[in-house]
Amino acid sequence: DAKTTQPPSMDCAEGRAANLPCNHSTISGNEYVYWYRQIHSQGPQYIIHGLKNNETNEMASLIITEDRKSSTLILPHATLRDTAVYYCIVRVVDFNKFYFGSGTKLNVKP
Amino acid sequence: DGGITQSPKYLFRKEGQNVTLSCEQNLNHDAMYWYRQDPGQGLRLIYYSQIVNDFQKGDIAEGYSVSREKKESFPLTVTSAQKNPTAFYLCASSGRLSQPQHFGDGTRLSIL
């Protein structure tokens with residue numbers, strides 16, 4: 001069964017914030033939410049992760065709803081180099097296994 | 001630098017042939033994973049290993065085999081039973097608890 005749901009594609013203007021949503025309505029209490037991105041023909045790159053609190057690092061911010069059923073990845077000032085497929089992943093900590101969503105293709109336009 | 005090394009970058013397989021993809025990590029991670037990615041698609045889990053000498057099937061294990069004799073190494077064999085092996089193969093590793101997964105640069109396998 002699918003663990004996460006993401007829109008297949010989104011557009012964003014260069015310099016504006018990109019807000020990428022992810023639905024994980026069946027998430028359980030011990031599962032973390034991770035975000036990765038993949039540029040064509042490369043391995044996925046880790047961006048950020050969280051359990052229940054909002055998180056921020058040098059790349060992005062992660063906003064998790066209070067009921068933990070959805071989250072949003074925010075790229076504060078998108079550049080053309082941020083054009084990639086973004087994956088929202090739920091991790092089952094007990095089994096160390098990752099479930100990949102279908103990903104969102106983010107197109108950053110000048 | 002610490003990381004994951006996959007080799008070769010490109011690999012060609014003849015009909016009826018088994019091929020082995022290499023994955024080595026120097027991150028001292030316990031868990032390692034193999035994923036398959038088809039063009040325009042997401043990643044699908046083939047096999048994963050949480051500890052040396054132990055591994056579990058993922059969602060699409062048929063036609064593949066793995067071994068985990070050393071912590072650093074997790075080779076994937078694509079057997080002749082895998083009838084549609086053309087894909088991009090990604091290896092990853094992770095530590096315990098909430099540590100993120102690290103990926104290699106992938107191996108692209110094609111059929112001759």
Side-chain angles (χ1 to χ4, degrees), chain A residues 1-9 22 27-53 55 57-60 62 64 68 73 84-107, chain B residues 2-7 9-10 21 23 25 27 29-52 54-61 68 74 87-110:
Chain A
D1 291 343
K3 298 283 285 188
T4 63
T5 304
Q6 299 176 253
S9 66
C22 179
I27 195 170
S28 55
N30 63 346
E31 291 179 316
Y32 287 77
V33 179
Y34 292 75
W35 282 85
Y36 285 76
R37 70 181 182 185
Q38 186 178 27
I39 297 169
H40 183 63
S41 294
Q42 296 182 19
Q45 175 192 22
Y46 165 76
I47 301 173
I48 198 168
H49 74 284
L51 182 62
K52 56 177 107 173
N53 298 322
E55 303 288 344
N57 63 20
E58 64 278 4
M59 290 181 68
L62 173 60
I64 302 175
R68 302 187 69 238
L73 178 74
V85 177
Y86 287 76
Y87 292 99
C88 171
I89 302 162
V90 169
R91 177 179 184 175
V92 181
V93 175
D94 289 349
F95 297 99
N96 214 19
K97 186 176 176 181
F98 285 72
Y99 292 96
F100 271 77
S102 55
T104 295
K105 176 70 175 18
L106 177 67
N107 299 301
Chain B
I4 298 179
T5 302
Q6 289 189 245
S7 62
K9 192 170 179 65
Y10 299 95
L21 284 62
C23 178
Q25 56 102 356
L27 300 166
H29 283 166
D30 288 314
M32 297 187 73
Y33 312 79
W34 275 105
Y35 294 91
R36 169 180 172 141
Q37 187 173 37
D38 292 289
Q41 305 296 315
L43 279 68
R44 292 185 291 169
L45 184 64
I46 305 173
Y47 269 98
Y48 65 103
S49 167
Q50 298 184 74
I51 198 168
V52 174
D54 184 57
F55 48 84
Q56 286 79 40
K57 293 181 179 179
D59 300 319
I60 55 165
R68 187 86 187 276
F74 191 40
F88 188 48
Y89 290 88
L90 287 158
C91 179
S93 71
S94 67
R96 292 291 186 185
L97 300 177
S98 68
Q99 293 179 21
Q101 211 172 58
H102 295 256
F103 284 83
D105 289 332
T107 293
R108 193 166 297 280
L109 176 63
S110 302

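Just the heavy atoms: all of them, side chains too, but no hydrogens, waters or symmetry mates, feed the values below.
Within 6.0 Å of the CD1 atom in B:Ile51, the count of heavy atoms belonging to other residues, nucleotides or ligands does not exceed 12.
Using a 4.5 Å cut-off between heavy atoms, A:Gln45 does not touch chain B at all.
Between A:Tyr87 and B:Gln41, the closest heavy-atom pair is OH-O, 3.7 Å. Scanning all heavy atoms of the two residues, the minimum distance from A:Pro44 to B:Leu43 falls at CG-CD2, 4.0 Å. Nearest heavy atoms, A:Ser41 versus B:Phe88: O-CZ, 3.7 Å.
For the side-chain contact (heavy atoms from CB on, under 4.5 Å) with B:Pro100, the qualifying choice from A:Tyr32, A:Tyr34, A:Trp35 is A:Tyr34, the only one to do so.
A distance of 7.0 Å separates OH of A:Tyr36 from NE2 of B:His102, quoted to the nearest 0.5 Å.
Contact tally against chain A (heavy-atom pairs below 4.5 Å) for B:Arg108, B:Gln56, B:Gln37: the top residue is B:Gln37.
Counting heavy atoms from C-beta outward, A:Arg91 and B:Gln101 have side chains that stay 4.5 Å or more apart.
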